[in-house]
Protein chains: 2
Amino acid sequence: MKIDPDSSADFSAQIAKAIRDAIVAGDLMVDQRLPSEAELAEQFDVSRPTVREALKRLAAQSLIRTQRGATGGAFVNRLRFEDAYAQAVTTSTLLLSMNAVSFDVACEARYALERACAPLSAARRTPDHLATMRAEITRQSEPGLSDEAFCASDVTFHRALVDAAGNPMLSYQLAGAVEAMQPLMNMITFTARSRERIVMMHQNMVATLEARDALGTEAALAALESYTRDLGHTVVAERTNRKDRTKEKTA
Amino acid sequence: MKIDPDSSADFSAQIAKAIRDAIVAGDLMVDQRLPSEAELAEQFDVSRPTVREALKRLAAQSLIRTQRGATGGAFVNRLRFEDAYAQAVTTSTLLLSMNAVSFDVACEARYALERACAPLSAARRTPDHLATMRAEITRQSEPGLSDEAFCASDVTFHRALVDAAGNPMLSYQLAGAVEAMQPLMNMITFTARSRERIVMMHQNMVATLEARDALGTEAALAALESYTRDLGHTVVAERTNRKDRTKEKTA
DNA sequence: ACTTTTTAATTGTCTGGCATTTTAATGTCT
DNA sequence: AGACATTAAAATGCCAGACAATTAAAAAGT
């Protein structure tokens with residue numbers, strides 16, 4: 001592993017890339033200890049702070065972990081689904097908020113993904129999954145529930161639906177998308193939505209899952225998507241009207 | 001923004017989290033300049049190297065970029081789909097290689113996701129998408145093509161299928177999964193697979209897309225999944241046989 | 001008015017050091 | 001011999017101060 005002193009990139013970025021490539025290529029195995037910071041500094045012919053910056057970059061991606069003490073050091077981290085999941089949620093959230101992704105586009109992507117696991121969920125759902133979903137439905141029916149709590153319960157419900165597919169890779173890909181987009185959508189629509197109607201749709205989903213009726217689950221998701229999009233349009237239209245009225249006043 | 005000196009977490013991790021939270025919450029806008037490293041060091045009451053480690057963590061997630069010079073500094077980065085996409089591919093690749101995800105699980109997830117965009121792709125594909133896919137099919141039919149090139153062309157083909165859905169958020173979510181899993185699957189199956197048969201399936205997909213036949217596209221994808229899984233099982237079975245024979249010899 | 005030079009601000013890097021944490025070795029007492 | 005306390009060593013975490021490199025703006029010169 002070498003770095004190029006003439007490259008325009010920072011040393012720390014180059015060193016991080018070299019180590020990352022070694023991990024991805026399998027040259028560094030899980031739980032294997034990297035050389036100490038002092039040794040890495042000597043190997044790459046840079047100072048210790050520079051090596052540390054490189055290691056922090058890798059730590060930010062959960063590729064390594066560090067331990068202090070005599071037998072401490074930096075170790076290749078076994079990337080867990082939860083770690084990757086947390087990063088995916090942050091990334092998706094920022095992608096949505098920074099790229100002017102329209103409500104329709106986000107909504108479409110979210111439900112397209114969720115429908116993808118409906119057949120698997122219908123086939124493999126366990127009583128546990130159904131129980132989780134029913135518990136969340138009960139919660140969502142409580143009259144005094146705050147909007148935040150309703151939103152959180154909504155996420156848990158859909159997460160259970162995704163997990164029912166019994167495929168961790170699919171859960172990772174989908175849950176990131178769902179969790180990132182759900183709050184955004186709830187934020188937009190919670191002023192106008194009818195909790196009663198959403199709860200009914202959720203109940204319908206659980207019923208179709210229990211009956212292992214994949215098409216029914218897909219239909220229920222499609223209905224929820226349709227309702228959510230209508231809500232979104234209503235909210236957007238109202239905001240536009242408000243703006244227009246404000247303009248008229250100032251004009 | 002404050003950090004807790006008694007926390008078990010590193011200062012640099014705490015500072016990175018504080019800034020990251022500010023970005024996610026929208027307190028720091030895109031292209032906004034952060035205070036200089038020296039100012040941040042004073043604000044958080046730590047040294048400059050510690051601040052730098054925090055900034056490198058954020059840079060590793062493409063949340064900020066840095067510029068040198070008089071008007072330089074750290075700026076909130078507009079997270080682009082491509083940046084997020086590259087990270088997703090790395091993460092997915094490591095998740096697959098580090099978590100003993102079975103061939104079946106990976107295969108199932110990949111095709112479930114890809115089928116999710118079939119209806120949208122059928123509805124919105126443009127002549128451009130069809131042309132890209134046909135060009136890749138032509139390439140895949142070349143007799144002297146290396147396995148690596150065939151694999152790369154396969155990725156491009158499926159990427160076009162995903163992009164045809166015309167939803168960047170969906171493309172981001174799917175393309176990461178497809179690109180991470182395709183090479184893995186090709187690696188496993190390329191010894192046994194029939195390029196001719198795969199090309200035929202690809203042609204079928206293009207035809208159904210051109211006809212805007214969503215169900216047909218889904219069926220073609222299901223057929224490809226089925227074939228891929230059979231291949232996977234064959235390869236795994238052969239490997240097991242080889243191992244058994246080796247055991248018999250040594251015994 | 002245009003070009004060149006200087007200056008200031010900022011990140012990138014290095015040196016050297018101290019503090020803290022953790023394990024292993026050593027010593028001491030029962 | 002075994003249990004416990006002490007010490008030593010290794011490693012990361014953190015800091016202070018400095019210099020180099022880069023860049024844009026300000027100043028100076030033509």
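Letters A, B, ... mirror the listed sequences (proteins, then strands); counts begin at 1. These numbers come from the heavy atoms of this one structure, side chains and all, not from hydrogens, waters or symmetry mates.
With D:dG13, D:dA9, C:dT13 as the choices, the nucleotide that has an atom nearest any side-chain atom of A:Asp10 turns out to be C:dT13. Nearest to the side-chain atoms of B:Ser47 among the listed nucleotides D:dC14, C:dC14, C:dA9 stands D:dC14. Among D:dA24, D:dT12, C:dT23, the nucleotide with an atom closest to any side-chain atom of A:Ala70 is C:dT23. Ranking D:dT23, D:dA11, C:dT15 by closeness to the A:Pro49 side chain, first place goes to C:dT15. Relative to the side chain of A:Thr66, the nucleotides C:dT10, D:dA25, D:dT12 differ in distance, and D:dT12 lies closest. Relative to the side chain of A:Val46, the nucleotides C:dC14, D:dT12, D:dC15 differ in distance, and C:dC14 lies closest.
The CZ-P distance, from B:Phe75 to D:dA24, rounds to 10 Å in whole Å. Here the P atom of nucleotide C:dT11 and the CD atom of B:Gln67 are 11 Å apart, to the nearest Å. Remark: P of D:dC14 and CG of A:Leu55 are 14 Å apart, rounded to the nearest angstrom. One interatomic measurement links the two molecules: NZ of B:Lys56 to C1' of D:dG13, which rounds to 18 Å at whole-angstrom precision. Rounded to an integer number of Å, the gap from CD of A:Glu37 to P of C:dT21 is 16 Å. What separates CG of B:Asp45 from C1' of D:dC15 is a distance of 11 Å, to the nearest Å. For the pair B:Arg33 CZ and D:dT23 P, the computed distance is 15 Å after rounding to whole Å. Rounded to an integer number of Å, the gap from B:Glu39 CD to C:dT11 C1' is 13 Å.
Among the protein residues, B:Arg65 comes within range of no part of the nucleic acid, since none of its heavy atoms lies under 4.0 Å from any strand.
Residue A:Thr50 places at least one side-chain N or O closer than 4.0 Å to OP1 or OP2 of C:dC14.
In terms of polar N and O atoms assigned as donor or acceptor, the side chain of A:Arg48 comes within less than 3.5 Å of the base of D:dG13 in a complementary pairing. Checked by distance alone, B:Arg68 brings no side-chain donor or acceptor within 3.5 Å of a matching partner on the base of C:dT10.
Toward the 5′ end of DNA chain C lies the nearest nucleotide of A:Glu53, the other residue of the pair A:Glu53 and A:Thr71 mapping further downstream.
Crowding of A:Gln32 atom CD: a count of heavy atoms from other residues, nucleotides or ligands under 6.0 Å exceeding 12.
For A:Glu179 and A:Arg159, the salt-bridge test fails: no basic side-chain N is under 4.0 Å from an acidic carboxylate O. With salt bridges taken as basic N to acidic carboxylate O contacts below 4.0 Å, none links A:Lys56 and A:Glu53. A salt bridge does not link B:Arg124 to B:Asp163: none of the charged nitrogens lies less than 4.0 Å from a carboxylate oxygen.
The distance from atom OG1 of A:Thr228 to atom CZ of A:Arg110, rounded to the nearest 0.5 Å, is 7.0 Å.
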